[in-house]
Amino acid sequence: MIQKQYKPLINKLLITFGILFFYKICTYFPLPGVNLDMIARFFAEQKNTMFGVADLFSGGAISRMSFVALGIMPYITASILMELFAHFDPNIGALKKEKEGMVIFVQKTRYLTVFIALIQSIGVAYGITQMGEGVIITDTTSFLFYSIPMLVMGTVLLMWLGEQITNYGLGNGISLIIFTAIISGLPGGVVNTIDLMNNGSLNPLIILFILFIMAATTVFIIFIEKGERRIPLQYTSSDFGGNYLPIKVNLANVIPAIFAGALISIPVTFGTFFKDVSSLNFINDILTPGTLGYNIVTFLLIFGFTFFYARIAFKVDEVTKNLNDSGSFIPGIRPGEHTKEYLKKITLRLTVFSGIYLGTIATVPWAIMNQLGAPFYFGGIMTLVIVQVTFDFITKLFNEIETLKLKEKEQESFI
């Protein structure tokens, strides 16, 4: 029998899992007029390319050519761009500091999401028509007329579903949708690996080494993600120095890797759809996932974006001002400009480390798995997303439980 005080938590969990289940069902509704057999064969050939990776992050929606094939990435891209705009434009940045302004900021993010989704849907829909004869079973004009708005509405639906989870469920809705898409593809990879082992196509020792790489990557990511640079603090009104300022070791989070992946996928996508353009074919050959060129470009893009986003994730000026306003200071460092310069040095070192860390886990595990002949995609960024979302969900779950327990104690003491 579930205790009465836990019913609100149960309701939140039911809402969360119900919406995620509905999202997964949506990935099985294809666009009308598409030859799904030809699409399936195309993605079977592209499983170790950028398209295979994108399909994994969409929960199979792309290979099934679902109306939610664009996924939630347009919203994530819009959110990143809005954060960049807020950092460089004081007027947009001021919106985030007020409650009413934040509503306007969120609304602008939604509008930008629709615009990005529209551009991407035009590219995807037209690209489908260029994949070969028989891919679409209707005329091109009709297909473009209804497929483009359907793809845009699919992204808007996922954006709305994510917001409902965040507002009424448990955890960050957008992150949980990505998490669901990723883990839903894992069982198929496991089954495929077992089949290859049973028919002798894959050596059991290779499988053990693959499992070791996966486990080592996961442990390494968890170790780094839990790491903090703790700067001791003291207060002017007391000699007590038991508090500290925590700064995450991975200062930039996973955003630079996602943004770099989105950017590098643009020429690859056009190169695959428009094979007659020689320059695009040349770029496509260089940026084939798993190749040396792809790994170098990915690493450099992630490293560069890390420096942009780290400044947004940790605002030195605001932190310095908050320390001054609270009457706290770093022992041995003068308040004001000296504190700001000290924090800049710390964050610069952490930013460099974050760039190397994110660039490494985005390229090295996948390169090793390709060399081993792994029949499924495994990358550090995928693992990083899973680890971060899992930590966030568990933290919020325990926070909810603790809050309910405190309310129960308050009610008992009142009685």
Rounded distance (nearest 0.5 Å) linking atom CD1 of Ile183 with atom NZ of Lys24: 9.5 Å
Partner residues of Leu208 under the side chain to side chain contact (heavy atoms under 4.5 Å, CB included) criterion, sequence neighbours left out: Leu205
Considering only residues two or more places apart or on different chains, which pairs with a residue in residues 297-322 satisfy ring-ring contact (aromatic ring centres under 6.0 Å, His included)? Phe259-Phe305, Phe303-Phe307
Distance-only donor-acceptor hits, side chain of residues 154-161, under 3.5 Å, sequence neighbours excluded:
from: Thr155; atom 1: OG1; to: Gly71; atom 2: O; distance (Å): 3.3

Mind checking whether Ile330 and Leu343 have side chains closer than 4.5 Å, heavy atoms only? yes
What I want to check is whether the side chains of Arg334 and Thr339 have a donor and an acceptor closer together than 3.5 Å. no
Take a 6.0 Å sphere around NZ of Lys248 and say whether it holds more than 12 heavy atoms from other residues, nucleotides or ligands. yes
Could you name each residue pair satisfying ring-ring contact (aromatic ring centres under 6.0 Å, His included) that touches residues 200-222, not counting sequence neighbours? Phe220-Tyr357
Rounded to the nearest 0.5 angstrom, the CD1-CD1 distance for Ile39 and Ile62 is 11.0 Å
For Phe393, look at atom CZ and say whether over 12 heavy atoms of other residues, nucleotides or ligands are found less than 6.0 Å away. yes
OG1 of Thr347 to OH of Tyr342, rounded to nearest 0.5 Å, is 11.0 Å
Between Lys12 and Glu400, does any NZ, NE, NH1 or NH2 come within less than 4.0 Å of an OD or OE carboxylate oxygen? yes
Only counting residues at least two apart or in another chain, list the ones meeting side chain to side chain contact (heavy atoms under 4.5 Å, CB included) with Lys340. Val316, Asp317, Thr320, Glu337, Lys344
Could you tell me whether Lys321 and Asp325 make a salt bridge, using a distance below 4.0 angstrom between a side-chain N and a carboxylate O? yes
Close side-chain approach of Ile178 to Val385, heavy-atom, < 4.5 Å: yes
For residues 98-117, which residue pairs qualify under ring-ring contact (aromatic ring centres under 6.0 Å, His included), counting only residues two or more places apart or in two chains? none
